[in-house]
*Asks:* 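The structure is given below, and queries will be raised subsequently.
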Amino acid sequence: MRYSRYFLFTSKEKPVGALNVSHSTLLRGNFISQLSAGVYNFLPIGFRVLKKVWKIIEEEMDRIGAFEVLMPALHPSELWKKTGRWETMDNVMFKLQDKKGSEFVLGTTHEEIITDIVSKFVKSYKNLPMLLYQIQVKFRDEMRPKGGLIRAREFIMKDLYSFHTSWECLDRTYQDVYNAYQRIFRRLSIPVEVVEAFSGPIGGDVSHEFMVITNAGEDKFAKCSRCGYSVSTEIAQVFKKQINYEYNPKRELQKVYTPNISSVEELVNFLKRESKDFVKSILYKTEEKYVLVLVRGDREINEIKLSKHLGSDLVLANEEDFEKIESVMGFVGPIGLKKNVKIISDYSVYGLRNIIVGANERDYHYTGVDYDNIPISEFVDLSVVHDGDPCFKCGGEYRIYPALELGHIFKLGTKYSEPLNAYFTDKDGKIKPIVMGCYGIGVSRIISAIVESYSDENSISWTFNSAPFFVYLITINIDDETQRAFSERIYNQLIANNLEVLWDDRKESAGIKFKDWELIGVPFCIIIGSKISTNKVELKINKSFAKTVKNVDTEIWEHLIKNLFVDVNVDDIISLIKYIYVQLDKRYNEYV
RNA sequence: CGGGGUGUAGCUCAGCCUGGCUAGAGCGCGUGCCUUGGGAGCACGAGGUCCGCGGUUCAAGUCCGCGCACCCCGACCA
């Protein structure tokens with residue numbers, strides 16, 4: 001590709017509103033451009049990267065025997081109503097109507113559609129298991145899109161669905177997909193952490209997330225520094241026997257006047273105490289009763305854990321509910337509750353003395369409360385995991401990492417096959433619901449993840465399998481006939497050897513070309529300049545890319561650094577680049 | 001969905017408070033000269049629905065109302 005003819009318009013100015021490296025550099029490098037909030041164009045060079053990632057995913061899906069399909073983005077409402085998600089996913093759906101007034105939705109995900117397809121054709125155990133996937137655009141009306149491709153309203157996703165006669169069969173496929181995902185991320189050189197996860201509204205029991213550690217992400221996970229157990233902070237449990245008890249000296253129980261002060265922050269200031277000296281009391285309503293949940297003031301209740309413990313959906317109590325239990329919103333507490341309300345507490349409250357709680361009376365709190373004077377019916381693990389908490393598996397210490405979710409795999413069971421009537425006839429002639437799994441990868445998000453993992457403010461560093469070109473060829477002075485002619489020979493030879501090259505043949509100053517090479521993030525740079533008169537051509541390697549090369553193969557690395565200046569011999573230059581390309585190709589694509 | 005902010009040249013922004021004649025700058029773009037190993041220099045030039053609609057006024061980019069879009073913080077979120 002000749003830069004002078006290409007659709008490539010880089011910018012040296014940092015775009016306003018681009019808060020993280022990937023958003024900023026992808027815009028500056030002209031990989032993407034914004035059409036609307038959370039809606040992006042993939043421009044030619046960005047689309048090249050997308051297709052590279054796409055290809056790796058296709059190869060790994062093929063390898064586990066999945067077949068690629070392409071489903072519509074426009075879905076009639078019927079199927080979504082059958083599974084109930086027309087209502088439960090309403091907050092992220094783009095809904096629309098046709099001219100007749102029939103309702104449609106732009107696909108947020110495709111369980112309904114794929115299950116419908118399979119239900120129509122797959123009727124026998126002989127055709128199971130069956131794996132189908134697609135790489136396609138998804139629509140989610142996020143309240144707040146941000147970070148460029150990281151949280152978009154229209155984005156590209158790989159979604160695989162598997163169909164089975166039994167859970168045992170599903171388990172095997174789940175493991176296959178797990179391994180395939182590991183291979184995909186390894187081939188793209190993305191350092192992922194596999195994390196036990198909450199399955200959320202997609203449903204099902206078991207799930208794993210593939211996360212990359214970065215501040216640009218919006219998720220967190222906890223990892224034990226001793227045993228390595230990784231788990232989403234949404235569900236991370238703590239080891240119950242090792243709570244960090246906080247003992248304060250014992251004091252008299254006192255009722256104190258705290259006018260209009262109900263939040264922990266306000267109380268901290270007003271009473272000159274620390275947030276861990278308070279116990280938050282939150283009143284929940286379950287189907288049949290009220291439950292008051294206690295947690296130390298510097299912690300937050302994890303509603304997923306709480307709901308699981310109570311075995312019921314949760315609703316926060318409202319003003320009316322507080323009247324019913326004769327307490328006051330904002331001043332509720334576990335001492336002197338008039339009505340019988342079940343009180344359960346997070347472990348973090350165990351052992352606390354001289355703590356502060358609401359007095360169930362407007363503008364009053366109790367101080368000097370001891371944990372064993374509160375009628376707590378049980379201590380349970382109910383709070384959001386913190387850095388340093390004891391690991392559920394081994395009692396070691398959790399560390400909390402900020403992360404970006406790239407993939408998520410679920411065992412769905414029959415959640416979709418039953419309502420959508422996807423049944424098969426088994427060997428024994430019995431009709432049974434198909435057992436399903438589903439597996440997603442955020443394809444466009446992967447592009448941001450690669451940039452976040454390896455790049456800085458002014459330069460991207462694509463990995464071997466994601467780079468839009470392998471070689472960036474710079475001709476310092478295109479008006480110099482010797483330089484131009486030599487560059488052209490190199491250019492043609494690179495193409496003849498299937499080495500993807502972007503030739504910066506513009507009539508621009510040298511600095512612009514170097515900066516663009518760095519910004520665009522191509523692994524190799526060949527520089528044809530005035531040193532051609534002393535028979536030398538310079539090779540450069542993207543710094544961050546060099547590190548990845550060094551990590552995977554020191555031999556290739558040694559070979560490289562010996563040859564940063566090479567003699568003007570087209571064949572030698574081409575064979576050097578080709579050699580490195582072939583070695584890396586083997587390393588990343590054959591022996592993974 | 002709550003709070004805050006912004007909308008003027010392709011991009012980044014000034015001008016608005018205190019209404020007034022031909023709406024500016026830097027970058028980018030075009031032409032010419034010069035230059036070619038780290039985003040050069042000089043000269044000339046093109047480029048505007050001042051977000052939209054309505055109102056006030058002799059007069060609106062500027063003041064008022066409504067709407068739309070985008071950005072930020074929070075809540076929410078496979």
*Asks:* Considering every strand shown, what is the Watson-Crick or G-U wobble mate of B/G54 when both distances are under 3.5 Å?
*Replies:*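 Looking at the geometry, B/G54 pairs with B/C64.
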
*Asks:* Give one of base, sugar-phosphate or nothing for A/Lys540, where a contact means two heavy atoms less than 4.0 Å apart.
*Replies:* base

*Asks:* Which nucleotide, in any strand shown, forms a Watson-Crick or G-U wobble pair with B/A59, with both distances under 3.5 Å?
*Replies:*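 Pairing partner, where one exists within any strand: none, as none qualifies.
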
*Asks:* Just N and O in the side chain of A/Arg144: are any of them under 4.0 Å from OP1 or OP2 of B/A75?
*Replies:*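 So the side-chain polar atoms of A/Arg144 never come under 4.0 Å of the phosphate oxygens OP1 or OP2 of B/A75.
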
*Asks:* Give none if B/C29 has no partner; otherwise give the nucleotide forming a Watson-Crick or G-U wobble pair with it, both distances under 3.5 Å.
*Replies:*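 Base-paired to B/G45.
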
*Asks:* Rounded to whole angstrom units, what separation is found between the CG atom of A/Asp141 and the C1' atom of B/C1?
*Replies:* 12 Å

*Asks:* Rounding to the closest angstrom, what is the interatomic distance between B/A40 and B/C27 at atom C1'?
*Replies:* 14 Å

*Asks:* On a whole-Å scale, what distance lies between the P atoms belonging to B/U22 and B/C50?
*Replies:*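 Their P atoms lie roughly 15 Å apart.
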
*Asks:* At 4.0 Å (heavy atoms only), tell me whether A/Lys513 reaches a base, stays on the sugar-phosphate, or touches nothing.
*Replies:*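 Contact class for A/Lys513: none.
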
*Asks:* For B/G37, give the paired nucleotide (Watson-Crick: N1-N3 plus N6-O4 or O6-N4; G-U: N1-O2 and O6-N3; both under 3.5 Å), or none.
*Replies:*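 Base-paired to nothing in any strand shown.
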
*Asks:* Which part of the nucleic acid, if any, lies within reach of A/Glu518 when heavy atoms closer than 4.0 Å are counted: base, sugar-phosphate only, or nothing?
*Replies:* base

*Asks:* Please check: side-chain N/O of A/Tyr161 versus main-chain N/O of A/His110, any donor-acceptor pairing under 3.5 Å?
*Replies:* yes

*Asks:* Just compare B/U12, B/U36, B/A75 and give me whichever is closest to any side-chain atom of A/Val16.
*Replies:*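 For A/Val16, the side-chain atoms sit closest to B/U12.
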
*Asks:* Who is the Watson-Crick or G-U wobble partner of B/U18, with both distances under 3.5 Å?
*Replies:* none

*Asks:* Give the rounded distance in Å between these two atoms: CD1 of A/Ile527 and C1' of B/G37.
*Replies:*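 Computing the A/Ile527:CD1 to B/G37:C1' distance gives 8 Å.
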
*Asks:* State which of B/C71, B/G28, B/G38 makes the closest approach to the side chain of A/Lys12.
*Replies:* B/G28

*Asks:* A/Asn20 has an atom CG; how far is it from atom C1' of B/C72, in whole Å?
*Replies:* 14 Å

*Asks:* So if I take every side-chain heavy atom of A/Leu19 and compare against B/C72, B/C77, B/C1, which nucleotide ends up nearest?
*Replies:*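 Closest nucleotide to the A/Leu19 side chain: B/C72.
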
*Asks:* Counting side-chain heavy atoms from CB outward, which of B/C70, B/C27, B/A75 is closest to A/Ala37?
*Replies:*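 Output: B/C70.
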
*Asks:* If the C1' atom of B/G61 is compared with that of B/G7, how far apart are they to the nearest Å?
*Replies:* 12 Å

*Asks:* Between A/Ser509 and B/A40, is there a side-chain N or O to OP1/OP2 distance below 4.0 Å?
*Replies:*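 So the side-chain polar atoms of A/Ser509 do come within 4.0 Å of the phosphate oxygens OP1 or OP2 of B/A40, strictly under.
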
*Asks:* With sugar-phosphate meaning primed atoms plus P, OP1 and OP2, does A/Arg445 contact a base, only sugar-phosphate, or nothing at under 4.0 Å between heavy atoms?
*Replies:*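 The answer is nothing, as A/Arg445 stays clear of every strand by at least 4.0 Å.
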
*Asks:* How about A/Ser459 and A/Asp456: does a side-chain donor come under 3.5 Å of a side-chain acceptor?
*Replies:* yes

*Asks:* Parallel, tilted or perpendicular: which describes the rings of A/Phe545 and A/Phe524, with under 30° parallel and over 60° perpendicular?
*Replies:*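 The rings of A/Phe545 and A/Phe524 stand perpendicular, inter-plane angle above 60°.
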
*Asks:* Answer with yes or no whether the side chains of A/Glu508 and A/Tyr3 bring together a donor and an acceptor at under 3.5 Å.
*Replies:* no

*Asks:* So what does A/Glu209 hit on the nucleic acid, given a heavy-atom distance under 4.0 Å: a base, only sugar-phosphate, or nothing?
*Replies:* nothing

*Asks:* If we take the C1' atom in both B/C76 and B/U56, what is their distance in whole Å?
*Replies:*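 Here B/C76 and B/U56 have their C1' atoms 42 Å from each other.
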
*Asks:* Think A/Ser36 has a side-chain N or O under 4.0 angstrom from the OP1 or OP2 of B/C70?
*Replies:* yes

*Asks:* Round to the nearest Å and state the distance from A/Leu404 atom CG to B/C77 atom C1'.
*Replies:* 14 Å

*Asks:* C1' atom, B/C66 versus B/C72: distance in rounded Å?
*Replies:* 24 Å

*Asks:* Is there a Watson-Crick or G-U wobble partner for B/C13 with both distances under 3.5 Å, and if so, which one is it?
*Replies:* B/G24

*Asks:* So which nucleotide does B/U6 pair with, by the Watson-Crick or G-U wobble rule with both distances under 3.5 Å?
*Replies:*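 Here B/U6 is engaged in a pair, and the nucleotide opposite it is B/A69.
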
*Asks:* Record whether the side chain of A/Glu508 comes under 3.5 Å of the base of B/G39 through a donor-acceptor pair of N or O atoms.
*Replies:* no

*Asks:* Nearest-Å distance, CZ (A/Phe514) to P (B/U36)?
*Replies:*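 Taking atom P of B/U36 as the reference, CZ of A/Phe514 is at 15 Å.
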
*Asks:* Considering heavy-atom distances to RNA chain B, does A/Lys531 or A/Glu405 have its closest nucleotide positioned more toward the 5' end?
*Replies:* A/Lys531

*Asks:* May I ask you to decide if the ring planes of A/Phe185 and A/Tyr181 are parallel, tilted or perpendicular, using 30° and 60° as cut-offs?
*Replies:*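 Perpendicular.
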
*Asks:* Consider side chain to side chain contact (heavy atoms under 4.5 Å, CB included). Of A/Gln182, A/Glu405, A/Met211, which one does A/Val192 pass it with?
*Replies:* A/Gln182

*Asks:* Taking only the C1' atom of each, what is the distance from B/U12 to B/A59 in whole angstrom?
*Replies:* 32 Å

*Asks:* Would you indicate, yes or no, if B/C71 has its OP1 or OP2 atom less than 4.0 angstrom from a side-chain nitrogen or oxygen of A/Gln34?
*Replies:*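 Affirmative; the distance criterion is met.
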
*Asks:* Relative to the 5' end of RNA chain B, which residue comes earlier, A/Ser11 or A/Met157, by the nucleotide with the nearest heavy atom?
*Replies:*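 It is A/Ser11, whose closest nucleotide lies nearer the 5' terminus.
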
*Asks:* Which is true for A/Tyr439 with a 4.0 Å heavy-atom rule: it touches a base, it touches only sugar-phosphate, or it touches nothing?
*Replies:* nothing

*Asks:* From B/C73, B/U36, B/G39, pick the nucleotide closest to the side chain of A/Ile512?
*Replies:*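 The nucleotide sitting nearest to the side chain is B/G39.
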
*Asks:* Report the nucleotide, chosen from B/G38, B/C77, B/C11, that has the shortest atom-to-atom distance to any side-chain atom of A/Glu13.
*Replies:* B/C11

*Asks:* In whole Å, I'd like the distance from the NZ atom of A/Lys146 to the C1' atom of B/A75.
*Replies:*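 In whole Å, B/A75 C1' and A/Lys146 NZ are 11 Å from each other.
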
*Asks:* With heavy atoms under 4.0 Å as the rule, sort A/Gly440 into base, sugar-phosphate or nothing.
*Replies:*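 Here A/Gly440 touches no strand at all.
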
*Asks:* Under 3.5 Å for both donor-acceptor distances, Watson-Crick or wobble: does B/C77 have a partner, and if so which one?
*Replies:*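 Matched B/C77 with nothing under the 3.5 Å cut-off.
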
*Asks:* Of the listed nucleotides (B/G38, B/U36, B/A75), which one gets closest to any side-chain atom of A/Lys515?
*Replies:*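 Among the listed nucleotides, the one closest to the side chain of A/Lys515 is B/G38.
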
*Asks:* If we ignore angles and hydrogens, is there a donor and acceptor under 3.5 Å between the side chains of A/Tyr229 and A/Glu196?
*Replies:*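 Yes, A/Glu196 and A/Tyr229 have a side-chain donor paired with an acceptor closer than 3.5 Å.
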
*Asks:* Between B/G4 and B/U8, how far apart are the C1' atoms? Round to whole Å, please.
*Replies:*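 B/U8 and B/G4 have their C1' atoms separated by 22 Å.
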
*Asks:* Show your reasoning for whether ring pair (Phe, Tyr, Trp, His ring centres under 6.0 Å) applies to A/Phe31 and A/Trp462.
*Replies:* CA-CA 12 Å; A/Phe31 292 91; A/Trp462 296 109; 5.3 Å; yes

*Asks:* Are A/Phe42 and A/Tyr40 close enough that their ring centers fall under 6.0 Å?
*Replies:* no

*Asks:* Which is true for A/Asp516 with a 4.0 Å heavy-atom rule: it touches a base, it touches only sugar-phosphate, or it touches nothing?
*Replies:*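 Base contact - A/Asp516 has a heavy atom under 4.0 Å of at least one base atom.
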
